[in-house]
Amino acid sequence: MTEPILDIRNISKSFGALRASNDVSLDLRPGEIHALIGPNGAGKSTLIKQIAGNLRPDAGAVWFNGRDVTELDTVARARAGLGRTFQISSLAMEMTVLQNVVLGAMGHRTGPFRFFRPVMKDRALLAPAMQALEQVGLEEFATTRTADLSHGQRRQLEVAVALTLSPRVFLMDEPMAGLGAEGSHRLMGFLDELRQQAPILLVEHDMDAVFALADRISVLVYGQIIATGSADEIRANPEVRSAYLGEEEDA
Amino acid sequence: MQRETLINIIVLALLVLFPLWAWQADEPFMITLATRAVILALAGVGLNLALGLGGMVSFGHAVFFGVGGYAMGILASHAQSYEPIFEWPFLFEGSKFMPLIWLVAILSSGLAALAIGALSLRTSGVYFIMITLAFGQMFFYFTISWPAYGGEDGLSVYVRNGFPGLNTLDPIQFYGICLAILAIVLFAMSRLARSSFGLALSAARQNEERVQAVGIGVFRLRLMAFTISGAITGLAGALFADLNRFVSPVMFSWQTSGEIMIFVILGGVGRLYGPVIGAVLFIVLEHELGGLSEYWHIYLGALLLGVVLFARGGLIGVLAGREVAHD
Ligand SMILES: Nc1ncnc2c1ncn2[C@@H]1O[C@H](COP(=O)(O)OP(=O)(O)OP(=O)(O)O)[C@@H](O)[C@H]1O
Ligand SMILES: [Mg+2]
């Protein structure tokens, strides 16, 4: 069995009396899409934040690429190769779409301490930036102000910025939310290929997408992982059916 | 050409032509007013890097203005008295040589900004405003109670410092020096705003989380910007002291910080020429209204209120519209 790139070991996190992560263990192996599903408020985003370094777990550890990164901040983890998209788009809204991806390319390549050369003429940054926009289908909007993008386009830009980082692991928090049927379908096709470049930990509410794409699925309910397995195993799991999938069938 | 570029060119042309007219018309006082405007503009350009591009609301830029001023005062007064400033670890004598004075002003105010920034950039929002204000007051009271360099009375320099090949006592020549420095710094700022550093700094102002997520630490970014910002305002302080041939603790007062911030906001925060237009406006108002009433600051306050409420982009925003993203 291949070694996991990302290994979350017994993480717990409480907000007051609320246990948002309850002894969560989870790993991500090369070449796979590992989907994390669960009802609203289950603690999916909270887990992503602890992996990306925005939140410190109360207990447990995050191992990335064979080392313990629990003490590192978001910046150090991003540099180590964690590429993350936010559930609520987090972009520089006054900048153009292209500037947002150039920022990502800069973070990954040259760093920000260049004071004189026009960054938007730097081919070494523009090329990967444009490529990322093309990959998500935003190339026509390169010069659009980010604040003028639709909700779905912002989600796509989130993914594009993560691409410019050439990360070793993608952490994606609901990248398809608000994309519409066609957009979702296109992104699904893209993620399907992307897993070869770097494995993806995918938080997603769209069950069709999850069951079609994921190599493994973990189900999080009230901060606890109640099952991990292939799509078929998860579908057949009675605990999952009653706790989560059942709810959807009733609705 | 963009409208803003056109406005910038007009402003620069006026800064060249008006003093030439005053020189021809033998109005040295007008040249001095223009010199004041140009030096204040330079101080504002410094603040604008922190405030406009970086989003750091510093209420302590008087510190850097004052440190630059005292760098000039101390160097020149030692040159007057022929006493070295210190002899250990190396002999450091006073000087009346402008380029050296500027260098010392830039280094010492940059260092002050580095230290103050390192301490205060760990906070944000109102706390950042208060802590920078507190540093300003610290320096103010320190210079008042420090007798070696005149204490409360300040320090006079009898002859303006020199620049090779020029007669700096001639108002138009000194004006030329100040304008040349402003033009060079504006050029450097226009490059910086479009550089990797400028893009990252501006992104950090808009969304700190985004910048961190691409692996760029915002603290070092802001500290660097704050340091450069302080150094530019410090250079302006040295020129200001040279213009007046006098330095006093007033340069460190919170009113000085406030005035710089006010005219930057009036002109247009974050715009390259915002501080220049603001400084010119400030000097014109001070000259025109100051003659009418001692309380001209009331009118200034009313104008500021108007800009903050109705014209967020300042005067340049009114004239040129919303800022267009570079390229
Ligand atoms: N900073 C916080 N302080 C207090 N409670 C929080 C905080 N962040 C999240 N929570 C709570 O923790 C629980 C888990 O939140 P989280 O955002 O991780 O859920 P989620 O699984 O991502 O839900 P959704 O599907 O709606 O995105 C929720 O009950 C939420 O209210
Ligand atoms: Mg969530």
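Heavy-atom basis, side chains included; hydrogens, waters and symmetry copies ignored. Residue numbering restarts at 1 for every chain, and letters A, B, ... go by the order of the sequence lines. Please read all numbers here as calculations on a predicted model, not as lab measurements.
Per-residue counts of heavy-atom pairs under 4.5 Å with chain B were compared for A:S90, A:G53, A:G107; the largest is that of A:S90. For the set A:G104, A:P112, A:A105, the count of heavy-atom pairs under 4.5 angstrom toward chain B peaks at A:P112. Of all the listed residues (B:S196, B:A204, B:G215), the one sharing the greatest number of non-hydrogen pairs under 4.5 Å with chain A is B:S196. Heavy-atom pairs under 4.5 Å with chain A peak, among B:R191, B:R220, B:M224, B:E209, at B:R191.
Ring geometry, A:F115 versus B:F197: the interplanar angle falls from 30° to 60°, so the pair is classed tilted.
Enclosure of atom CG in B:L119 by more than 12 non-hydrogen atoms of other residues, nucleotides or ligands within 6.0 angstrom is indicated. Around atom CZ of A:R56, more than 12 heavy atoms belonging to other residues, nucleotides or ligands sit under 6.0 Å away.
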Go through it in stages, so that I can follow the logic: the residues are A:M106 and B:L199, the test is side-chain contact (heavy atoms from CB on, under 4.5 Å), and I'd like the CA-CA distance, side-chain angles, deciding distance and then a yes or no. CA-CA 10 Å; A:M106 180 212 299; B:L199 187 75; 3.8 Å; yes

Stepwise side-chain contact (heavy atoms from CB on, under 4.5 Å) check, B:S195 with A:R114: CA-CA 6 Å; B:S195 71; A:R114 295 175 159 209; 5.6 Å; no

Going through the checks in order, is the side-chain contact (heavy atoms from CB on, under 4.5 Å) test met by B:Q212 and A:N54? CA-CA 10 Å; B:Q212 289 166 335; A:N54 306 70; 5.7 Å; no

Would you please test B:Q206 and A:M95 for side-chain contact (heavy atoms from CB on, under 4.5 Å) and show each step? CA-CA 9 Å; B:Q206 295 168 43; A:M95 300 193 333; 3.5 Å; yes

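Proximity to chain A is absent for every atom of B:F219, based on heavy atoms less than 4.5 angstrom apart. Residue contact with chain A, scored on non-hydrogen atoms closer than 4.5 Å, involves the side chain of B:I228 exclusively. Only the side chain of B:R205 comes within less than 4.5 Å of a heavy atom of chain A; its backbone N, CA, C and O stay farther away.
Between the CD1 atom in B:I216 and the CZ atom in A:F113 there is a gap of 8.5 Å [rounded to 0.5 Å].
The main-chain N or O of A:L91 is never found under 3.5 Å from a side-chain atom of B:R210 such that the two would form a donor-acceptor pair.
Close approach to chain B, defined as a heavy atom under 4.5 Å from one of its heavy atoms, is seen in A:T74, A:V75, A:A78, A:R79 of residues 68-85 of chain A, taken by number.
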